[in-house]
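Just below is one structure, and these are the notes that go with it.
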Amino acid sequence: MDKLQSLRGMVDLLPEQTAIWQQVEAAARSQFHRAGLAEIRTPLLEATELFARGIGTSTDVVGKEMYSFEDRGQRHCTLRPEGTASVVRAALQHGLLNKGPQRLWYTGPMFRYERPQAGRQRQFHQLGVELLGFADPRSDAEAIAIAWDLLTALGIGNLALEINSLGDACDRSHYRSVLVEWLEARRDQLDPEAQGRISTNPLRILDSKNPETQALLAAAPLLGDCLSASSQQRFERVRQALDRLEIPYQLNPRLVRGLDYYTHTAFEITSSELGAQATVCGGGRYDGLIEQLGGSPTAAIGWAIGLERLVLLLQAAVAPAMHPLAAAQVYVISRGEAAELQALALARTLRQAGCRVELDLTAAAFAKQLKRADRSGASWALLIGEGEIEQGVVILKDLRLSTEQRLPPELAIGELVARFCDAGPQPFSSPTA
RNA sequence: GCGGGCGUCGCCAAGUGGUUAAGGCAGCGGCUUGUGGUGCCGCCAUACGGGGGUUCGAAUCCCCUCGCUCGCCCCA
């Protein structure tokens with residue numbers, strides 16, 4: 001196949017798709033606005049080192065999924081595989097945290113070199129929230145609530161929230177040694193994947209999907225048992241807050257996220273309707289990251305929603321009720337040089353007055369143009385031919401009733417504007433409206 | 001990186017060794033001259049993802065390759 005086509009895993013969003021994306025973006029903006037979040041936009045390209053230091057070199061994302069290359073100045077560059085590291089970098093670079101805690105949101109494409117499958121592309125889009133400089137357990141609940149409420153507001157059901165606490169750095173290294181010791185004693189019962197991970201990233205063995213490994217793990221020591229008293233207490237308060245918000249959740253002691261920077265609260269929102277890639281939203285607290293990237297110790301929590309997955313759910317749930325494409329209200333037809341120019345001008349006048357107008361740009365016969373008018377979904381047509389130009393009138397035709405009247409252009413415009421005068425585009429109105 | 005499924009016109013889709021690759025939708029042209037939605041007629045893949053091979057003969061069999069897709073891994 002030598003046809004030009006998009007790169008593997010890089011997906012075009014066609015006009016009939018973009019409407020639903022715009023709806024999601026609008027809902028998110030509204031939600032974030034009400035929550036007092038400000039938008040931040042960072043470059044798609046960052047120094048490779050940012051992700052190596054931020055996400056952790058033993059993670060799959062950094063180890064084998066990054067789009068990395070050297071630019072012409074021999075700089076090591078990487079297309080961002082996630083948003084948090086960039087946001088933290090930007091906050092530090094511009095001293096945002098010196099002004100106090102930051103409540104931020106972002107959206108945009110991320111890149112991971114993986115094998116595409118349902119709900120997973122190489123370029124995908126995330127919508128994320130980062131609350132920098134907040135340590136209070138209520139901030140965990142607030143962050144989760146923002147995500148939960150956004151998904152709910154969009155009409156997505158069948159969602160499950162799972163949470164766990166990974167403790168602080170101390171708890172984790174303590175648990176890590178306990179777990180490694182336990183795993184080593186059973187090394188020969190583990191699958192090869194898991195065996196390799198004992199030394200590289202033992203915690204990740206916990207959410208292995210290998211059934212035999214899982215069976216064995218049922219008896220493994222739990223992270224929760226290694227948490228310090230204060231970590232446990234903290235987690236307890238997060239749960240209380242969620243209870244108070246009446247956000248249902250399940251404790252999942254095996255939930256371990258794939259990025260190294262997470263501490264304390266980790267969570268995922270999943271849907272059973274997504275196939276293998278069930279996570280719509282994932283996030284957690286990262287109290288050590290900011291310091292690790294050169295800032296002073298600062299607590300923070302954040303999450304990201306996978307927009308492709310969200311759109312998949314929306315299409316399954318509510319999209320059929322939507323009319324993504326806005327049909328024109330008026331279709332303008334003309335024949336003959338003078339008429340064509342007048343049509344061009346009248347279409348513009350109508351648009352300036354707030355009507356959705358489609359102008360036929362062909363010189364085809366009236367029958368042809370009328371046929372297109374009909375298919376466009378417009379309910380009114382404006383016809384101008386040589387005869388009309390001579391008489392100084394236009395034909396205003398009701399395509400539904402098949403009635404028409406000849407009248408001066410100003411009156412026809414006035415008639416249409418009175419009917420469709422709403423200013424501004426109306427992306428989701430029904431074509432028949 | 002590893003497995004499974006698939007790959008015929010813009011879309012859907014027949015066709016599983018024999019000289020014409022169905023059909024539907026969309027598109028284009030026409031059916032009295034400047035009036036649509038239905039109807040009727042016509043046009044629309046020397047071509048079956050690409051490359052080799054088997055055969056007298058292949059879209060149909062074999063091999064390789066590319067792509068899509070689902071799953072593993074991982075994650076949003």
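Keep in mind the model is a prediction, meaning the values are calculated, not measured. By convention in this document, chain letters (A, B, ...) are assigned in the order of the sequence lines, proteins followed by strands, and residues within each chain are numbered from 1.
Under the Watson-Crick or G-U wobble criterion, with both distances below 3.5 Å, B:rC48 has no partner in any strand shown.
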I would like to know whether A:Gln292 and A:Arg53 meet side chain to side chain donor-acceptor pair (under 3.5 Å); could you show each step before the answer? CA-CA 7 Å; A:Gln292 194 166 333; A:Arg53 271 171 60 186; over 6 Å; no
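Nearest nucleotide to the side chain of A:Leu370, out of B:rG29, B:rA76, B:rU35: B:rU35. Distance from the side chain of A:Arg197 is smallest for B:rC73 among the nucleotides B:rC73, B:rC72, B:rC75. For A:Lys64, the listed nucleotide lying nearest its side chain is B:rC73; candidates were B:rU35, B:rC73, B:rC75. In the set B:rG36, B:rA76, B:rC74, B:rC74 carries the atom at the smallest distance from any side-chain atom of A:Asp60. Here B:rG34 is the nucleotide among B:rA76, B:rG34, B:rC74 with the atom lying nearest to any side-chain atom of A:Arg335. Checking B:rC2, B:rG27, B:rG37 against the side-chain heavy atoms of A:Arg115 singles out B:rC2 as nearest. Side chain of A:Thr279, nearest nucleotide from B:rG36, B:rC74, B:rC75: B:rC75.
Rounded to whole Å, the C1' atom of B:rU54 lies 27 Å from the corresponding atom of B:rA14. Between the P atoms of B:rU60 and B:rG17, the separation comes to 11 Å (whole Å). B:rG36 and B:rG24 have their P atoms separated by 24 Å, given to the nearest Å. Taking the C1' atoms as reference points, B:rU8 lies 15 Å from B:rG67, given to the whole Å. Comparing the C1' positions of B:rU55 and B:rC31 gives an interatomic distance of 50 Å, to the nearest angstrom.
Residues satisfying the salt bridge (charged side-chain N to carboxylate O under 4.0 Å, His left out) test with A:Glu184, not counting sequence neighbours, are A:Arg187.
Rounded to whole Å, atom C1' of B:rG7 lies 12 Å from atom CD of A:Gln5.
A donor-acceptor contact under 3.5 Å is not formed by the side chain of A:Arg204 with the base of B:rC75.
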